[in-house]
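Positions are given from 1, in the same order as the sequence printed here.
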Amino acid sequence: MTNGFKIIGISIRTTNKDRQSQHDLAKLWEQFFADNIYGKIPNKVSDNILSIYTDYKSDFTDEYTSIIGVPVSTLDEIPGGLIGREFKPDSFQKFVAKGEIPDAVVNTWLNIWQRDKELKRKYTYDFEVYGQKSRNGENSEVEIFIATE
């Protein structure tokens with residue numbers, strides 16, 4: 001269970017069909033760092049970068065919105081070109097991707113997708129937390145939270 005949060009960042013609408021999301025998400029991450037989005041976000045409540053998957057059309061095989069951003073205390077100040085969203089409290093199952101990023105994250109998602117029905121996913125929103133441990137080369141760790149019933 002998380003208490004919910006507010007986030008400011010950048011987003012893209014994508015799909016996992018034909019590996020489209022691999023291309024789109026790589027571009028979104030590239031933009032996040034190239035445009036110093038992190039530095040433009042006011043009222044941060046942590047140093048973590050979140051990657052959120054939401055607005056699912058149906059399930060992981062269809063369209064969804066991906067947001068890369070930082071948790072904030074308020075959405076009162078959203079810099080131009082960025083978006084702000086609030087996510088309500090929900091219940092989650094936590095996974096930890098361990099190893100070289102992004103491969104470890106991709107492999108963890110492949111495992112989650114294989115277990116999709118068994119996990120009883122809700123498809124409200126799922127998210128990844130890129131904290132201090134996500135920058136340790138082959139010893140990196142990224143937490144992945146999947147909304148479940």
Side-chain angles (χ1 to χ4, degrees), residues 1-17 19-33 37-75 78 82-149:
M1 179 80 179
T2 74
N3 296 329
F5 51 86
K6 297 176 181 78
I7 187 169
I8 293 177
I10 55 176
S11 71
I12 194 167
R13 188 86 178 148
T14 190
T15 178
N16 291 325
K17 288 181 183 157
R19 297 180 178 236
Q20 183 64 42
S21 64
Q22 284 182 323
H23 172 74
D24 290 343
L25 297 179
K27 237 168 63 176
L28 197 64
W29 277 104
E30 193 177 296
Q31 179 189 350
F32 185 84
F33 290 112
I37 301 299
Y38 182 90
K40 296 176 182 176
I41 298 172
N43 305 305
K44 295 179 191 73
V45 294
S46 91
D47 295 333
N48 293 340
I49 297 171
L50 302 186
S51 180
I52 302 170
Y53 307 96
T54 189
D55 305 332
Y56 288 98
K57 188 171 179 183
S58 61
D59 62 15
F60 73 93
T61 64
D62 217 328
E63 293 177 13
Y64 59 92
T65 299
S66 179
I67 303 167
I68 298 173
V70 181
V72 296
S73 57
T74 177
L75 296 176
I78 302 172
L82 304 187
I83 63 151
R85 289 276 300 266
E86 181 169 358
F87 292 92
K88 300 293 182 203
D90 213 333
S91 54
F92 294 88
Q93 185 167 340
K94 178 180 169 182
F95 295 82
V96 180
K98 295 182 180 186
E100 196 75 43
I101 307 301
D103 294 348
V105 174
V106 169
N107 291 334
T108 303
W109 275 108
L110 291 173
N111 178 15
I112 290 166
W113 293 338
Q114 285 175 347
R115 299 174 51 204
D116 188 65
K117 296 284 184 269
E118 156 198 343
L119 291 171
K120 297 190 168 119
R121 294 181 61 192
K122 291 197 326 200
Y123 290 101
T124 48
Y125 68 98
D126 307 308
F127 64 102
E128 302 162 354
V129 179
Y130 291 81
Q132 286 301 109
K133 292 182 177 179
S134 70
R135 302 176 198 95
N136 295 335
E138 62 192 32
N139 298 314
S140 294
E141 291 185 16
V142 172
E143 296 175 333
I144 300 175
F145 294 87
I146 305 299
T148 56
E149 291 177 15

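Taken to the nearest 0.5 Å, the OG1 atom of Thr124 stands 13.0 Å off from the NZ atom of Lys88. Rounded to the nearest 0.5 angstrom, Tyr123 OH and Thr148 OG1 are separated by 12.0 Å. The distance from atom OG1 of Thr61 to atom CG of Asp116, rounded to the nearest 0.5 Å, is 8.5 Å. Separation of atoms OG (Ser51) and CG (Asp126) is listed at 10.5 Å; rounding is to 0.5 Å. To the nearest 0.5 angstrom, Lys40 atom NZ is 15.0 Å from Ile78 atom CD1. With rounding to the nearest 0.5 Å, the separation of CD1 in Ile37 from CD1 in Ile68 is 10.0 Å.
Considering only residues two or more places apart in sequence or on other chains, Phe60 meets the ring-ring contact (aromatic ring centres under 6.0 Å, His included) condition with Trp113. When the salt bridge (Lys or Arg N to Asp or Glu O under 4.0 Å) test is applied to Glu149, no partner is found at least two apart in sequence or on another chain. The salt bridge (Lys or Arg N to Asp or Glu O under 4.0 Å) search around Arg85 returns Asp55, not counting sequence neighbours. The ring-ring contact (aromatic ring centres under 6.0 Å, His included) search around Tyr130 returns Trp29, not counting sequence neighbours. Scanning for side-chain hydrogen bond (donor to acceptor under 3.5 Å, both in side chains) contacts around Thr15 gives an empty result, with sequence neighbours left out. Taking the ring-ring contact (aromatic ring centres under 6.0 Å, His included) definition, one finds that Tyr38 meets it with nothing, sequence neighbours left out. Under the side-chain hydrogen bond (donor to acceptor under 3.5 Å, both in side chains) criterion, Ser21 pairs with Asn16, sequence neighbours left out. Under the side-chain hydrogen bond (donor to acceptor under 3.5 Å, both in side chains) criterion, Gln132 pairs with Arg135, sequence neighbours left out. In this view, Asp47 satisfies the salt bridge (Lys or Arg N to Asp or Glu O under 4.0 Å) rule with no residue, not counting sequence neighbours. By the side-chain hydrogen bond (donor to acceptor under 3.5 Å, both in side chains) test, Lys94 is found to be paired with Glu143, residues two or more places apart in sequence or in another chain being considered. For Glu100, the side-chain contact (heavy atoms from CB on, under 4.5 Å) partners are Glu138, not counting sequence neighbours.
Taking each heavy atom of Ser73 and Lys6 in turn, the nearest pair found is O-CD, 3.9 Å. The two residues Val45 and Val72 have their closest heavy-atom pair at CG1-C, 3.7 Å. Nearest approach of Ala97 to Ala104, heavy atoms of both residues: CB-O, 3.5 Å. Across every non-hydrogen atom of Ser134 and Ile101, the tightest pair is O-CG1, 3.9 Å. Of all heavy-atom pairs between Leu28 and Ser66, the closest is CD2-O, 3.8 Å.
At least one donor-acceptor pair closer than 3.5 Å links the side chain of Lys44 to the backbone N or O of Ile41.
Side-chain contact between Glu141 and Asn136 is absent, with no heavy-atom pair separated by less than 4.5 Å. By the 4.5 Å heavy-atom criterion applied to side chains, Phe95 and Phe145 are not counted as neighbours. Ile49 is listed as a side-chain neighbour of Phe33, based on a closest heavy-atom distance under 4.5 Å. Contact check for Ile112 versus Ile146: side-chain heavy atoms found under the 4.5 Å cut-off.
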Exercise for the section: Let me see the working for Leu75 and Ile8 under side-chain contact (heavy atoms from CB on, under 4.5 Å), right down to the final yes or no. Expected result: CA-CA 7 Å; Leu75 296 176; Ile8 293 177; 3.8 Å; yes

Exercise for the section: Evaluate the side-chain contact (heavy atoms from CB on, under 4.5 Å) criterion for residues Arg13 and Lys57: first the C-alpha distance (whole Å), next the side-chain angles of each, then the deciding distance (0.1 Å), finally the verdict. Expected result: CA-CA 11 Å; Arg13 188 86 178 148; Lys57 188 171 179 183; 4.1 Å; yes

Exercise for the section: Applying side-chain contact (heavy atoms from CB on, under 4.5 Å), run through Leu50 and Phe87 and close with a yes or a no. Expected result: CA-CA 12 Å; Leu50 302 186; Phe87 292 92; over 6 Å; no

Practice task
Carefully, step by step, assess Asp59 and Arg121 under the rule salt bridge (charged side-chain N to carboxylate O under 4.0 Å, His left out).
Solution key: CA-CA 9 Å; Asp59 62 15; Arg121 294 181 61 192; over 6 Å; no

Handout entry: Intermediate values then yes/no, salt bridge (charged side-chain N to carboxylate O under 4.0 Å, His left out), Lys27 and Glu30
Key = CA-CA 5 Å; Lys27 237 168 63 176; Glu30 193 177 296; over 6 Å; no

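Taking the six-membered ring wherever Trp is involved, the centroid distance between the rings of Tyr125 and Tyr56 does not fall below 6.0 Å.
Pairs of residues two or more places apart, or lying in two chains, that qualify as side-chain hydrogen bond (donor to acceptor under 3.5 Å, both in side chains) and include a residue from residues 102-112 are Trp109-Glu128.
Using a 3.5 Å distance cut-off with no hydrogens or angles, the side chains of Thr74 and Asn43 do not pair a donor with an acceptor.
Considering Gln22, His23, Lys17 in turn, His23 is the only one that fulfils the side chain to side chain contact (heavy atoms under 4.5 Å, CB included) rule with Gln20. Residue Ile83 is tested with Ile67, Ile7, Ile10 for a side chain to side chain contact (heavy atoms under 4.5 Å, CB included); the sole match is Ile67.
Ring geometry for Tyr64 against Tyr53 counts as perpendicular: the plane angle is over 60°, on a 0 to 90° scale with 30° as the lower cut.
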